[in-house]
Student: 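Dropping a structure here in structure tokens format, bear with me for questions.
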Amino acid sequence: MKQHNLRTVIGFEVRRALSKKRFWFLTLLLPIAIGIVLALVIFGNTVASNNFDNQSDAEFSFTYSDESGFIDPVIAAALAGTVTDGDAEAIAAVRAGGQDAHFVYPADLTTTPIEVYGVDRGLFENGKYVDIARQVLSMSAQDQIGNPMLTVLAVGNVPVSATTFADGKVASGLMGVIPPLIFLVMFFLIFTLLANQMLTSTLEEKENRVTEMILTTLNPNALISGKIISLFIVGLVQALVFLLPVLVGFFFFRSTLNLPNIDLSSFIVDPAQMIVGALIAIGGFALFTGTTVAIGAVMPTARDAGNIFGALIALMIVPLYAGSLVISDPQNPVVQIFTYFPYSAPITAMLRNAFGSLAGWEAAIVITGLFLLSAIVLRIAARLFRTGSIQYNNRVSLKAVFSRSK
Amino acid sequence: MASSEDSLVHIDHFKMQFAGVTVIEDLSFNVQRGETFGFLGSNGSGKTTTLRALLGIIQADSGTLHIDGRPFKPEDGSRLGYLPEERGLYKKESVLTVMTYFGELKGLSKKAAASWSMNYLERVGLGDKAKSRVDKLSGGQQQKVQLGVTIMNDPELLILDEPTKGFDPVNRRLLMDIIDERKSNGSTVLMVTHQMEEVERLCDRIILLKQGRAEAYGTVAEVQNQFGGTMIRTNYSGEIPMSPHYEVTTRERNYAELTLTDSTDEGEILRELVNAGVLVRSFTPSKLSLDEIFVKVYGEQNEPGDT
């Protein structure tokens, strides 16, 4: 049924949330921090990768001693390296600034570190000494193996394609788990980021004494629905802002950041799993926001409501602490309780759905339960809001609210 | 009692209890279209409860509460201007944002609401505050914004619950001007107030609520008559005699106020005083003021906070 003024409420709530400097400060804080870290990593990696090239241009020279016998003098010479036996003199020369660097390759390279001495060129530039010391050793070792393929095989860095079967069908494996887990991540992100906003959004009508004026222009159901929908929209905006640096990093700086080259087409998307995941996430969101609104309507201030809200958060995230049990033993009684108890159900069921242990009938029960309970809780929340929001300074008596018929 | 057919507000046998305590015992009254109606009563007599029930904010236990022939619904909010006793605004939003939002809720387009708001703010000297946050405004400035929100939809019915409560004299004047303006535009005004001089100046009819019932109901003159209402103010020399026709309610040196206790003609009282040897220098009969009636009706009550 069309609700009077619902669109106006959504527009107002979304606009004012997105126009707050505080919202953008908090929302951008994490991406900016990630961006700074990424920038540092990119800068560091760029400097490191350039070091070898720079060394080829003989920007710095080095001396070295080799007790291991693995260093090929020709390769070292090509990189401006000169062998020496006197480590002490060479180190003294570096200390005095007469020589750029000196490397000491020990007899047992597997247990004893390579000693690298260099003239300080700043935090990022100094990394070039270590890079070149390793590069000389690596190229020498490859040269001794004599076959580039063998070198790769020795490192073990070879692609492997594994296929497993479940119920006579090819199991989706990790590539099939990740897509439905996106709903769990989104649910968790939106809820934790917006928890405080959910709680205060309905309390503010009471705290600002605007309830009576509001209730003469719209039904409490419309107000609450509008607030929930706008919170969802704001949450999506926030999630997108968080995802942005990750996507930018993945698509534009993958090689610089040394990120694994994930083939997106290798993800296995099961439509049924995705639909179940989406429905559980939406049902869970509606249930938690409805409950939050009800708490806000009963309590006189945000501080009073905070304690009960804390318990609600705990109920929601407790399945994450039992995550390994949920994944490994879905029939365990504890996991079963978590699956069907409404407030722990969303995260438990989304986990089980992603790992393929949530049967169709179980999903149907959980989804139906979440939507039914959400509808009931929203109705109760609306009634509590109507009564509670004009009791400006007192906690609402539930007995009084429900003793009145409507 | 006026016919319910002509009335914009119709309340019939309204009853209300809270936690077993009767707040409204049995209340009936009508507010006619275009009139200004005073809803009077002491603190705790159930005025605010009645308004909230009339507007559907709380649920009545029983009785009929109609606006324009049917129970009020939020969809009718575009025809209503309501200034509640507990009033406030979204404090962390800008003045213009808040006014525009309420305008939209009351059925105006966003553009029309913003335009009206700017004109109103200019009129009340707050044009430069449109983009300020509400909580950066003084209390008096917030009251002006609140008044604007109440009337911005050109309401057919204006319900004002203690409208002058907390208002400074400037804003009280503004409010009175607005009520006069609304009256001349044909709006119906229903107001709860304790300011009896305002009632006498503005109201066509009134109701006095006491312990959940109508203690008096009608035009101001009718209510004054209902309470026996004639008082004689006199300056005199001598000794005012005891009489079954009046009661000396005030006596200060050579001045006295006599409240008539029956329908004896004022001329008869004058003769009685002269015959008793009183030298009467002035003799002014007048009706009881609403303030005096209010004190007479509620004087002995010791009420808790309003409900």
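In what follows, every chain begins at residue 1, and chains take the letters A, B, ... in the order their sequences are listed.
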Student: Please assess A:Val210 against B:Tyr90 for the test side-chain contact (heavy atoms from CB on, under 4.5 Å), listing each intermediate value before the final yes or no.
Tutor: CA-CA 7 Å; A:Val210 294; B:Tyr90 290 97; 3.8 Å; yes
Student: When only pairs under 4.5 Å are counted, which of B:Tyr82, B:Phe102, B:Tyr101 shares the most heavy-atom pairs with chain A?
Tutor: B:Tyr101
Student: Give the minimum heavy-atom separation between B:Phe72 and A:Thr216, together with the two atoms involved.
Tutor: CZ-O, 3.4 Å
Student: Where is the tightest heavy-atom contact between A:Arg209 and B:Glu86, given as atom of each residue plus distance?
Tutor: NE-OE1, 2.9 Å
Student: Please look at B:Glu93 and chain A and tell me whether the side chain, the backbone, both or neither of the residue comes under 4.5 angstrom of a heavy atom of that chain.
Tutor: side chain
Student: Where do B:Glu104 and A:Asn5 come nearest, in terms of heavy atoms and distance?
Tutor: O-OD1, 3.8 Å
Student: Evaluate whether atom CZ of A:Arg15 has more than 12 neighbouring non-hydrogen atoms of other residues, nucleotides or ligands under 6.0 angstrom away.
Tutor: yes
Student: Scan residues 289-317 of chain A for pairs that pass ring pair (Phe, Tyr, Trp, His ring centres under 6.0 Å), counting only residues two or more places apart or in two chains.
Tutor: none
Student: With only heavy atoms counted, which part of B:Leu80 is less than 4.5 Å from chain A, the side chain, the backbone, both or neither?
Tutor: side chain
Student: For residues A:Glu212 and B:Ile57, report the shortest heavy-atom separation together with the two atoms involved.
Tutor: O-CD1, 3.9 Å
Student: Under the side-chain contact (heavy atoms from CB on, under 4.5 Å) rule, what do B:Thr100 and A:Phe12 come out as? Steps first, then yes or no, please.
Tutor: CA-CA 10 Å; B:Thr100 306; A:Phe12 175 69; over 6 Å; no
Student: Minimum heavy-atom separation for A:Asn208 to B:Lys91, with atom names?
Tutor: OD1-CG, 3.6 Å
Student: Test side-chain contact (heavy atoms from CB on, under 4.5 Å) on A:Met213 and B:Gln146; report intermediate values, then the result.
Tutor: CA-CA 10 Å; A:Met213 286 174 67; B:Gln146 187 94 46; 2.9 Å; yes
